[in-house]
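These values consider heavy atoms only, across backbone and side chains, with no hydrogens, waters or symmetry-generated copies. Quantities reported herein were computed from a predicted structural model and do not represent experimental measurements. Remember, it's 1-based here, ligands and their atoms both numbered in the order they're listed.
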Amino acid sequence: MTLTLFHTPGTRSVRARWLMEEMGVIYDLKTLEYDGAYFASDEFRKINPMGKIPAMYDGETLINESIAIMQYVMERYGPTELNVPATDPEFATYLQWLHMGESGVSGYIAVSFGHVSGEDPYQVSEKYDVYCRYQVEKALGMLEARLERREYILDRGFSAADISMGYALMFAAVCTGTAYTPTVSAYLGRLMGRPAMQRALSDIPAEMLSMFA
Ligand SMILES: N[C@@H](CCC(=O)N[C@@H](CS)C(=O)NCC(=O)O)C(=O)O
């Protein structure tokens, strides 16, 4: 089977790309420019009915949520140390942070970004923006506590949970200027320094990357 990833630089497809680069999985990359009108078009919705990036095909099978793509690739194309089995004592913590990256951080950041950039056609209220930022703040507080005594989220070391959260931290810094504590900044710096992450970000503007140097 051929894995084909529909990717736009800097978007959530980075998670899938970073993971596959870490694992050494071979995939076909179809890079599209960010184009909301095209994503909403019938043509693109034949590729991904959600009209979003990422979309990944394994042969005929479509998966279109970045965390689900990561779980799929690890299960189908592993085994990999990036995945944590259900028998591991850190399994619950792993799953929680794997999903926190999207549902506890990136999803809220996307709303706040739409709000501040004026690009949200639904024009969410100021109050909803504040609510979203509050949710992110809580997740960052939990992350801070987690990283106080660890280099990565889990005691066992770098895992897919770090890919999920690392992308979320980068996305939040770029889109909403989210500032981090020294502990979280140092963690993000460690993640950004990974060769696989650098390859996954090789197509984003250098000035964006220099924010994390
Ligand atoms: N929860 C989804 C979010 C996907 C998403 O919103 N992708 C953005 C790019 S980062 C997108 O395609 N936005 C275009 C649109 O919604 O029109 C995931 O994790 O894959």
Residue Arg76 excluded, over 12 heavy atoms near CZ under 6.0 Å =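 12 or below, so no.
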Looking only at distance, does Phe39 have an N or O less than 3.5 Å from an N or O of ligand 1?
->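 Min N/O separation from ligand 1 is not below 3.5 Å for Phe39.
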Any atoms of ligand 1 less than 4.0 Å from a non-hydrogen atom of Pro54? List them with their elements.
->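 Near Pro54, meaning under 4.0 Å from one of its heavy atoms, ligand 1 has 20 (O).
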Less than 6.0 Å separating the ring centroids of Tyr131 and Tyr128?
->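 Yes, ring centres under 6.0 Å apart.
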When you check the gap from the basic side-chain N to the acidic O, do Glu102 and Arg15 get nearer than 4.0 Å?
->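 Looking at Arg15 together with Glu102, the answer is yes, because their closest N to O distance falls below 4.0 Å.
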Counting only heavy atoms, tell me which of [options] gets closest to [atom].
atom                    : options                      : value
atom 6 (O) of ligand 1  : Lys52, Glu102, Met56, Met70  : Lys52
atom 17 (O) of ligand 1 : Ala55, Gly101, Gly51, Ser13  : Gly51
atom 20 (O) of ligand 1 : Gly107, Ala68, Ser164, Ser66 : Ser66

Which residue and atom name correspond to the protein heavy atom nearest [atom], and how close is it?
atom                    : answer
atom 14 (C) of ligand 1 : Tyr34 OH, 3.2 Å
atom 1 (N) of ligand 1  : Glu65 OE1, 2.7 Å
atom 4 (C) of ligand 1  : Ile53 O, 3.5 Å

Return the set of residues passing side-chain hydrogen bond (donor to acceptor under 3.5 Å, both in side chains) with Ser112 (not counting sequence neighbours), or none when no residue passes.
->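 Only Asp129 meet the side-chain hydrogen bond (donor to acceptor under 3.5 Å, both in side chains) criterion with Ser112.
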Below 4.0 Å from any atom of ligand 1, is there a heavy atom belonging to Phe171?
->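 Heavy atoms of Phe171 never come under 4.0 Å of ligand 1.
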Who are the ring-ring contact (aromatic ring centres under 6.0 Å, His included) partners of Tyr94, not counting sequence neighbours?
->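 Counting only residues at least two positions away or on another chain, Tyr94 forms no ring-ring contact (aromatic ring centres under 6.0 Å, His included).
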Any cation-pi pair here, Lys46 with Phe44, using under 6.0 Å and within 45°?
->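 Relative to the ring axis of Phe44, which defines the angle, Lys46 lies outside at least one limit.
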Hey, which of Leu201, Asp203, Ile163 is the one that makes side-chain contact (heavy atoms from CB on, under 4.5 Å) with Arg17?
->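 The residue from Leu201, Asp203, Ile163 that satisfies side-chain contact (heavy atoms from CB on, under 4.5 Å) with Arg17 turns out to be Asp203.
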